[in-house]
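Heads up, the thing below is written out as structure tokens.
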Protein chains: 2
Amino acid sequence: MKPVVVLDKIMETAERLFYEQGYNLTGINQIIEEANISKPSLYNHFKSKNDLLLAYLDQSYSKWFEDLATFTADMTTPFDRLIGVFDYRISRQIRTNYNGCAFVKISSEVSHKDIEVFERTQKFKNAIKAYVVDLVKQLNRPKHKLLTDEEFAENVFLLLEGGLIMAKIIKSTQPLEDAKDIVRKLV
Amino acid sequence: MKPVVVLDKIMETAERLFYEQGYNLTGINQIIEEANISKPSLYNHFKSKNDLLLAYLDQSYSKWFEDLATFTADMTTPFDRLIGVFDYRISRQIRTNYNGCAFVKISSEVSHKDIEVFERTQKFKNAIKAYVVDLVKQLNRPKHKLLTDEEFAENVFLLLEGGLIMAKIIKSTQPLEDAKDIVRKLV
DNA sequence: GTCTATAGAAGGATAGAC
DNA sequence: GTCTATCCTTCTATAGAC
């Protein structure tokens, strides 16, 4: 069981440091020190620092949707679940002291030619958008609205992304709260 | 005149490399090499790499609004100028191969405790939002609309930010084009 | 104010013992 | 599979000559 524990310690520490400090500002030396393991132990599980980064992103993807499911478990109507995504992000930003989206952060840290990172970021954002599109369909909005379902869903999604970025920048939930109010009025 | 030329070479090279490669992935050595100057020359103008970063951000702020003014010089109505901001961002993203916002990039690269960087990012985003708010006021929108002027302006601004982030991630102008269509329908 | 040369620290990654 | 010890590169920054 010890190898599993070592791997868990690596992943826990890498997740925390990569997200809080950033990928490039986190050295291998700090990871092994805070995880209380040796350097060759890390390279036994991951062939490079970049390999560890990809594992971190894959884990972040899974945990994000798992935590969303837990957060919105009590919400029954499509509308409540749509607003729930905003509240989910608000709760996360408060907890992480407005550190923003892990995938956006990494995408700003690596070369734009790093295809593996961008594919994972695209997959993550596409999944969030698909989640929003699906909820909007279930809303059964009247046909006479200014925006079609597709346009409304796109607006909601971009409010989620723009609101998150601005929450990080001004260190406040206000942009996400404003976004939520706009969604309530436009639905 | 030679000192000025040296300073210009530093700023040009730093701007290009910081934006294209990222701040942390750009070393002092690469900057002086591509600027064709020596290391002490750089440290004569800037006391540290972080000092150069702040000068880069201040220059980016000025140039962004100067270029916006040029880009929208022919646009007369408030509505055209509002849509013009989207087209301005679209043109910039095409030109930079979808590298996103320079301030958002840097904010993801430095510690969240780097107050000087975050203050400049806040100032930049606040100025864009103020620009949008001002244009929306000039629109003279009917009072019976779903969204107040304040809410509509916030929606437009968050569409600009969300659209830009997504344009960078999926390497396409589509999110910004979609955002523009939504603005046209909601105005 | 610009240069050559170098200091001193930290980066990622590996050899070889156990 | 984990460890100690070490390799080589790159990093930011500076000393001292001109």
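Not measured: the values here are computed from a predicted model. Order of the sequence lines sets the chain letters (A, B, ...), proteins ahead of strands, with each chain counted from 1. We use all heavy atoms of the structure for the numbers below, so side chains are in, but hydrogens, waters and symmetry mates are not.
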(request) For A:K49 and C:dA13, give me the distance from atom NZ to atom P, rounded to whole Å. (result) 8 Å
(request) Measure from CG on A:L42 to C1' on C:dG11 and round the result to the nearest Å. (result) 14 Å
(message) Tell me the interatomic distance from A:I32, atom CD1, to C:dG11, atom C1', rounded to whole angstroms.
(response) 12 Å
(request) Return the value, rounded to whole Å, for the distance between atom NZ of B:K39 and atom P of C:dA5. (result) 13 Å
(request) Take atom CG of B:L53 and atom C1' of D:dA13, then tell me their distance rounded to the nearest Å. (result) 17 Å
(message) Output the rounded distance in Å from CD (A:Q21) to P (C:dA10).
(response) 14 Å
(message) I'd like to know if B:E161 pairs up with B:K129 as an ion pair, taking the criterion as any Lys NZ or Arg NE/NH1/NH2 lying under 4.0 Å from an Asp or Glu carboxylate oxygen.
(response) no
(message) What's the closest nucleotide to the side chain of A:I28 if the choices are D:dC3, D:dA13, C:dG12?
(response) C:dG12
(message) So if I take every side-chain heavy atom of B:H45 and compare against C:dC3, C:dA15, C:dT2, which nucleotide ends up nearest?
(response) C:dT2
(request) Whole angstrom is fine here: how far is it from CD in A:E33 over to C1' in C:dG12? (result) 16 Å
(request) Please answer whether the main-chain N or O of A:D80 pairs with a side-chain N or O of A:T77 as donor and acceptor at a distance below 3.5 Å. (result) yes
(request) Between A:Y23 and B:S38, just flag the one whose closest nucleotide in DNA chain C comes earlier from the 5' side. (result) B:S38
(message) Do B:K105 and B:Y23 make a side-chain contact, defined as non-hydrogen atoms from C-beta onward lying under 4.5 Å apart?
(response) no
(message) Consider side-chain hydrogen bond (donor to acceptor under 3.5 Å, both in side chains). Of A:K143, A:R141, A:K137, which one does A:D149 pass it with?
(response) A:R141
(request) Output the single nucleotide from C:dT2, C:dA13, D:dT2 whose closest atom is nearest the side chain of B:V6. (result) C:dT2
(request) Verify the neighbour count for atom CD of B:Q59: are there more than 12 heavy atoms of other residues, nucleotides or ligands below 6.0 Å? (result) yes
(message) D:dT10, OP1 or OP2 - any side-chain N/O from B:N29 closer than 4.0 Å?
(response) no
(request) Round to the nearest Å and state the distance from A:Y43 atom OH to D:dC7 atom P. (result) 17 Å
(request) State whether B:N44 places a side-chain N or O below 4.0 Å from either non-bridging phosphate oxygen (OP1 or OP2) of C:dG1. (result) no
(message) Just N and O in the side chain of A:S41: are any of them under 4.0 Å from OP1 or OP2 of D:dC3?
(response) yes
